[in-house]
Amino acid sequence: MAVGMDVDGSRHPVRPTFQLVRGLTGHTRAVASTKFNPNGSNHLATASADKTVKLWSTETGECVRTLEGHTQGISDVCWNKQGNYLCTASDDHTLKLWDVETGKALKTLHGHTNFVFCCNFDPQGHLLASGSFDETMRVWDVRSGKCLREVPAHSDPITAVDFNYDGTLLVTSSLDGLLRIWDTLSGHCLKTLFDKNSPPVSAARFCPNGRFILSGSLDSKLRLWNFEKGKAVKHYEGHTNTQYCVFSGFCTSGGGNWVVTGSEDGSIFVYELNSRKVLQHIPCKSSAGEEAGGSATGHSDAVLGLDVHPTQPLMASAATAGTAPYCSGHTSHNNEGGTSYSYSHQSHPARGSICDDGDKPSEHVLDLGNTCTMPHALGAIGCMGLDACCLDLTSVQVVVTVGISPGGCGCWDQSRRLWVLGSVQEGVAVGISWQALQMQHVQV
């Protein structure tokens, strides 16, 4: 839980105050996806139904490059982690790999037999996953452009694909109401997640430390899943999502621990991760005057695309029509009319403690921090999943992990291990050595 500290020593959650900074204009049709460069630079990519991708400078608001080549609209765009390549998913049934520096299309990936709806690079940038209306997930070799694996993953169109933090796991979501977790190496399905009412799932992504999955569904709810236990531990409600695939994500910059999402009423919601409370509602353009401070998204239609800058308090959004804002801490984009806007964020404390409304703190008080990889006895392949290994290297000295088998059956390696951090100096890991102190068999 992200907290600040009052002068009297009391703890309080950090409250977001996103403000509109800038609008970006250029696309001639709806913008479906907007993504910040993950290398931390001040560049933003937007994908549109006008068949183009535009690269923007978040500092100046200028369009620095337009990528053209698809014959139909583009549903998604993603960066590799190094920030020098882009991939686009299009209704023309293809994906394209682009060189960001030159703006040239390097490869066109053929294989899907229907609209390609989503795509994502693995953290190393060697693999690319895509999902399509043909109900298959494909994994591609980036260097050769060859399809390494085709998986009949769902019984309805696939709406999202995402790798976990080390690339060993993949999650897919679908309009069939299911989330599925896959072993990247073998292509085997490790687990299937679903709600009892099985609403169509419109989006899914791993949290930064890979321990949880955030999903959006067409019942206007976000769910945070503990996928090892196979259950949703948090629900977020307030936004509207009954028709479109709406992006959502996490924000940890600016001292926050927030979940953010667009809404079909043209607004943006910021939820506190643990309490599930709405910390900020950025209304649509028409209702801005009704809200305190009068800040608005500038959108006049459903906010579909949403992304958070990896290091700065910036957010970007994109809508089916009207305008799209971009903010510091969050940034948003515009579509029909091709306008986008910018917001800036300052952190202000909200007094009082965050309660979990009956959830067990030991299970459900969550942290989105980084994880460290520690080996279990799983043979040459290595550990395919970790439990309870979210670390703050300035304070945590011991951590417990549980390993999951890479064998494709979702079973555990039956061991729980206690680890101690080897060497930390002034809060910086100068030579981390993980040493197993204890190993005991547990019943799973």
Side-chain angles (χ1 to χ4, degrees), residues 30-35 47 75-76 78 89 117-120 131 133 137 153-154 156-164 170-181 192-208 212-227 231-251 258-273 276-282 297 299 301-308 315-320 324 330 332-333 366 368:
V31 180
S33 179
T34 177
K35 302 287 178 63
S75 293
D76 199 8
C78 64
F117 195 71
C118 50
C119 57
N120 250 317
F133 269 50
M137 172 188 70
H154 291 272
D156 272 316
I158 295 176
T159 55
V161 290
D162 191 37
F163 288 92
N164 69 337
L170 260 169
V171 63
T172 58
S173 62
S174 170
L175 297 181
D176 64 9
L178 303 179
L179 290 155
R180 286 201 161 118
I181 301 164
T192 298
L193 307 175
F194 58 92
D195 186 79
K196 61 181 180 180
N197 298 318
S198 296
V201 185
S202 57
R205 68 187 306 170
F206 283 98
C207 74
F212 302 93
I213 292 172
L214 180 67
S215 70
S217 52
L218 298 187
D219 60 355
S220 298
K221 292 181 181 179
L222 295 177
R223 292 171 173 83
L224 192 68
W225 297 84
N226 182 324
F227 59 87
K231 66 178 182 179
V233 295
K234 301 286 182 183
H235 295 77
Y236 306 90
E237 299 182 61
H239 62 287
T240 301
N241 182 200
T242 60
Q243 301 181 61
Y244 302 105
C245 293
V246 175
F247 283 90
S248 56
F250 301 96
C251 181
W258 309 319
V259 172
V260 297
T261 186
S263 178
E264 289 172 6
D265 61 6
S267 63
I268 295 171
F269 283 76
V270 184
Y271 299 97
E272 206 285 320
L273 176 72
R276 307 182 294 277
K277 294 178 180 177
V278 178
L279 295 184
Q280 186 177 10
H281 173 221
I282 307 174
T297 67
H299 293 297
D301 211 333
V303 177
L304 303 185
L306 195 71
D307 196 32
V308 178
M315 174 176 65
S317 65
T320 56
H330 288 288
S332 321
H333 282 277
L366 312 176
L368 298 177

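Throughout, residue positions are numbered sequentially from 1 according to the sequence presented. Since the structure is predicted, the reported quantities are computational estimates derived from the model, not experimental observations.
- Interatomic distance, CH2 of W225 versus NZ of K234, reported as 15.0 Å (0.5 Å rounding).
- Interatomic distance, C245 SG to L218 CG, rounded to the nearest 0.5 Å: 6.5 Å.
- Aromatic ring centres of F117 and F133 lie closer together than 6.0 Å.
- A donor-acceptor contact shorter than 3.5 Å links the side chain of T159 to the backbone of V201.
- Side-chain atoms of N226 and I213, non-hydrogen and from C-beta on, never get closer than 4.5 Å to each other.
- Side-chain contact between L273 and L224 is present, with at least one heavy-atom pair separated by less than 4.5 Å.
- Q280 CD to I268 CD1: the interatomic distance, rounded to the nearest 0.5 Å, is 9.0 Å.
- In terms of modelled atom types and a separation under 3.5 Å, the side chain of R180 and the main chain of A153 share a donor-acceptor contact.
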For this session: Start with the C-alpha gap between V246 and T261, add the side-chain angles, then the distance that decides, and say whether side-chain contact (heavy atoms from CB on, under 4.5 Å) holds.
Result: CA-CA 7 Å; V246 175; T261 186; 3.9 Å; yes

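- Y271 pairs in a side chain to side chain donor-acceptor pair (under 3.5 Å) with only one of the listed residues (R276, K277, H239, H281), which is H239.
- Scored by the side chain to side chain donor-acceptor pair (under 3.5 Å) test, D219 finds S217, R223 as partners (sequence neighbours excluded).
- Under the 3.5 Å distance criterion, the side-chain polar atoms of N197 are left unmatched by any main-chain donor or acceptor of P199.
- Across all non-hydrogen atoms, the minimal contact from H154 to T172 is NE2-OG1, 2.8 Å.
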Exercise. Would K35 and D76 count as a salt bridge (Lys or Arg N to Asp or Glu O under 4.0 Å) if you check the C-alpha gap in whole Å, the side-chain angles of each, and the deciding distance to 0.1 Å?
Worked result: CA-CA 9 Å; K35 302 287 178 63; D76 199 8; 3.2 Å; yes

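- No side-chain donor-acceptor contact under 3.5 Å links Y236 to the backbone of F269.
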Problem set entry | Candidate pair S202 and N241, rule side-chain contact (heavy atoms from CB on, under 4.5 Å), full reasoning | CA-CA 9 Å; S202 57; N241 182 200; 3.2 Å; yes

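- Contact of the L179 side chain with the T192 side chain is not registered, since no non-hydrogen atoms from C-beta on lie closer than 4.5 Å.
- Here the side chain of D156 pairs no donor or acceptor atom with the backbone of S174 at under 3.5 angstrom.
- Nearest heavy-atom pair across A204 and A160 is N-CB, 3.5 Å.
- Here the OG-CG distance, from S33 to L304, works out to 10.0 Å after rounding to the nearest 0.5 Å.
- Considering only residues two or more places apart in sequence or on other chains, Y244 meets the ring-ring contact (aromatic ring centres under 6.0 Å, His included) condition with none of them.
- Looking at every heavy atom in both residues, F247 comes nearest to L306 through CB-N, 3.6 Å.
- Considering all non-hydrogen atoms of both residues, S267 and V303 come closest at O-CG2, 3.8 Å.
- L178 and D176 get closest at one heavy-atom pair: N-OD1, 2.9 Å.
- For the atom pair D307 CG and C251 SG, the distance stands at 10.5 Å (nearest 0.5 Å).
- The two residues F250 and R205 have their closest heavy-atom pair at CE1-CG, 4.2 Å.
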For this session: Kindly determine whether S215 and S173 satisfy side-chain contact (heavy atoms from CB on, under 4.5 Å), including the steps that lead there.
Result: CA-CA 8 Å; S215 70; S173 62; over 6 Å; no

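- For residues 258-267, the set of pairs meeting the salt bridge (charged side-chain N to carboxylate O under 4.0 Å, His left out) definition, not counting sequence neighbours, is empty.
- The aromatic rings of F206 and F227 lie perpendicular to each other, with more than 60° between the two planes, well past the 30° mark.
- Residues I181 and L170 are not in side-chain contact: their nearest non-hydrogen atoms beyond the backbone lie 4.5 Å or more apart.
- Within the 4.5 Å cutoff, side-chain heavy atoms of I158 are placed close to those of M137.
- L214 places none of its side-chain heavy atoms less than 4.5 Å from the side chain of C207.
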